[in-house]
Protein chains: 2
Amino acid sequence: MGTRFPSIPIVMKVTIRDVAKAAGVSPSTVSRALNGKGRMRPETRERILRIARELGFRPNPLAKGLATKMNYCIGVGIDARHLPIKRSFYGAVLEAIEEVLDREGYHLVFSVIRNAEAPRCVIEGRVDGVILMGTDVRGELVEKLREKLPLVLVDYHLPGAAAVVTDNFGGAKAAVEHLIGHGHRKIAFVVETLSDPNFKERFEGYRAALEAHGILFDEKLVFEGGRRAESSRFAMEKFFETREMPTAIFGANDHMAIGAIRALKEAGIRVPEDVAVAGFDDGDLAPHVTPPLTSVHVPRGEMGRRAAVLLLDLLRGKLCTVKTDILSITLTIRSSCGCGST
Amino acid sequence: MGTRFPSIPIVMKVTIRDVAKAAGVSPSTVSRALNGKGRMRPETRERILRIARELGFRPNPLAKGLATKMNYCIGVGIDARHLPIKRSFYGAVLEAIEEVLDREGYHLVFSVIRNAEAPRCVIEGRVDGVILMGTDVRGELVEKLREKLPLVLVDYHLPGAAAVVTDNFGGAKAAVEHLIGHGHRKIAFVVETLSDPNFKERFEGYRAALEAHGILFDEKLVFEGGRRAESSRFAMEKFFETREMPTAIFGANDHMAIGAIRALKEAGIRVPEDVAVAGFDDGDLAPHVTPPLTSVHVPRGEMGRRAAVLLLDLLRGKLCTVKTDILSITLTIRSSCGCGST
DNA sequence: GAATGCTAGGAAAACGGGTTCCCATCCTCA
DNA sequence: TGAGGATGGGAACCCGTTTTCCTAGCATTC
């Protein structure tokens, strides 16, 4: 209804000088009182603080940043590739990061990394540190950023950079051992690609579980099918035609596992009665597919919190060494593996 | 191993004065050349621009903001309640907003609204405008922010504030009419709560569709069950016991629809053969449930883009009136409604 | 009573740009 | 050739804080 926004904020800001004038002191004294730096008579400090409060004084963050060379902003970069698939994953991490940063007085600048360039917030120097998610093969980018700013990688590991990752090996091993516990010995491994280090580790976990139970590794049971959900379908078809049909399938992520379930069901094969299935990630879909998917639970919120804390520690110089935080995982058991009622 | 991050960025920044010195002009001239303000000899401008580029000059955004009173930052606030449920929804919107802002030289400050207070980025005056998502009942907060900053609401409508919403009424009407087209006349409506304006509008769409086809509205077919997925289950049970079993169910969102499907299946009722189901949102889960859910598609990316453009228009004073952008929707037809093969 | 040691608090210089005003040019026209 | 206007460029100041140095005032001590 005709309401108009002026292009310049209307709010007449009260500056440190106003406070100084009102308190009959100099701006520097007000600054000291506010930041508790130099020593001063307690009563003076009290009075200044009170007046600042009464006047509703808010230090201008830009001026503050200009003087201190700190922005109190952290950039969080998400790789644009397969964004939709990972959306709920990074969403959960993002919220957790925001929670920590907010509590510590920092702001979160969100940016999607669409090419191999550094996010603009980094280029412009608006952020004090960066958290990167899902920038798998972008080693050069990480390298470039690393020498400019404190940096933490989430769910990805690269030598020389701080990172928060999950125990891919242990998680995969646990899941496969669970399947073995159900009596399966012919367990397939379906994966997007083994060139991804996370998937590689899960693969190692799969192999380790087999080995630990005296099951011979059979490479015909490994299917590397690319990113699309249909690849699981191809995998299944391949299994059908080569008559190498496994009795259980371990998907390197939920996506693969769910694709496998769908393909199996379409072929009239019952899950879990004929073939058991387990996945990795325990994402939003896992409880909702039929049958509900047993999956390795990745603590997404915890990853975000740790990443934020790690970065702040780096920023504040509390941490001197590059550290990799490996989160332990748990197996969320539903019915696709053969447990439970259905 | 042992790499240490100094708490102060190492990068020795090149300032406007450095450029001025290198070009043999004064800082003000460099500023003009860069911002294209005052008139000057083209060759001088060229030379200055070239030198600035060679030196890798980046204007300090803090200094710039301090001088111009602009931050080139936009706050995006997400309501903390039912965050996990809406995660993939707002995630898609967020990415679209970021895309527009980035292209226009703005930054996105992400914050979760956990109480009725304004986000800290607003309080500190770090952002030039705000986009709010999912702050349903927080009228006071919206009111408070509205008088401070340009503001756009996403997926929520409030008098006096600019907003981007979907055509809830039309979408619901289309979905219900689709069910009617399958021959259903006893169609239930399952909703979290009718006090939510979006759901209320979808309810109106449902009623309008019935009315348009001469079907008498029966309030016993409306179930208002609260936010949890189980509420759909309760709804089903209620239908069972009162023998008011519908032949089709329209869920006011996917969550409700999926809950209904699950409850039906558990009761041994086939979907869509015995009871057809349709939902609203067309979220990430919709294609993955069994049977795949027919649902009203909400163009999440488009909502984000429009919200960002709308806000920038407000900021730049291009827009003088508060405007509500109503996006039209489409129905994504899968098999839960009775269409298709299964 | 003067020299010494402290401390509270002030003045001013950054920080890195933008902007305003004013002064040199240079060109044009008389 | 001189006046007038147009235009490019420079100095100074502003934005709001922090921070470094410095001074004034007080108490202590010989």
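Because the structure is predicted, anything quoted here is derived from the model rather than measured. A, B, ... follow the sequence lines: proteins, then strands. Residue 1 opens every chain.
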Original post:
Are the side chains of A/Asp155 and A/Lys86 in touch, meaning some heavy atoms are under 4.5 Å apart?
Top reply: yes
**OP:** Examine distances only and state if a side-chain atom of B/Asp128 and a backbone atom of B/Tyr72 form a donor-acceptor pair shorter than 3.5 Å.
**Re:** yes
**OP:** Just report the end-to-end axis angle for the helix from C/dG1-D/dC30 to C/dA30-D/dT1, five pairs per end, to 10 degrees.
**Re:** 60°
Subject >> Residue pairs involving residues 46-57 of chain A (criterion salt bridge (Lys or Arg N to Asp or Glu O under 4.0 Å); sequence neighbours excluded) >> reply: A/Arg50-A/Glu54
Original post:
Would you call B/Glu302 and B/Arg306 a salt bridge, taking side-chain N to carboxylate O under 4.0 Å as the test?
Top reply: yes
Original post:
Using a cut-off of 4.0 Å between protein heavy atoms and nucleotide atoms, how would you tag nucleotides 5-17 of chain C 5' to 3' with B, S and -?
Top reply: --SSBBBB--BBB
Original post:
Is a side-chain N or O of A/Asp102 found less than 3.5 angstrom from the main chain of A/Glu98, in a donor-acceptor match?
Top reply: no
Original post:
Who pairs with B/Tyr90 by ring-ring contact (aromatic ring centres under 6.0 Å, His included), at least two apart in sequence or on another chain?
Top reply: none
Original post:
Taking only residues two or more places apart in sequence or in another chain, which ones pass salt bridge (charged side-chain N to carboxylate O under 4.0 Å, His left out) with A/Glu95?
Top reply: B/Arg87
Original post:
Would you call B/Glu124-A/Lys64 a salt bridge at under 4.0 Å N-O?
Top reply: no
**OP:** Name the first nucleotide and the last nucleotide along DNA chain D (5' to 3') that come under 4.0 Å of a heavy atom in chain B.
**Re:** D/dT7 to D/dG16
**OP:** For the residue pair A/Ser26 and A/Thr29, confirm or rule out a side-chain donor-acceptor distance under 3.5 Å.
**Re:** yes
Subject >> Flag side-chain contact, heavy atom, 4.5 Å: B/Ile48 against B/Arg45 >> reply: no
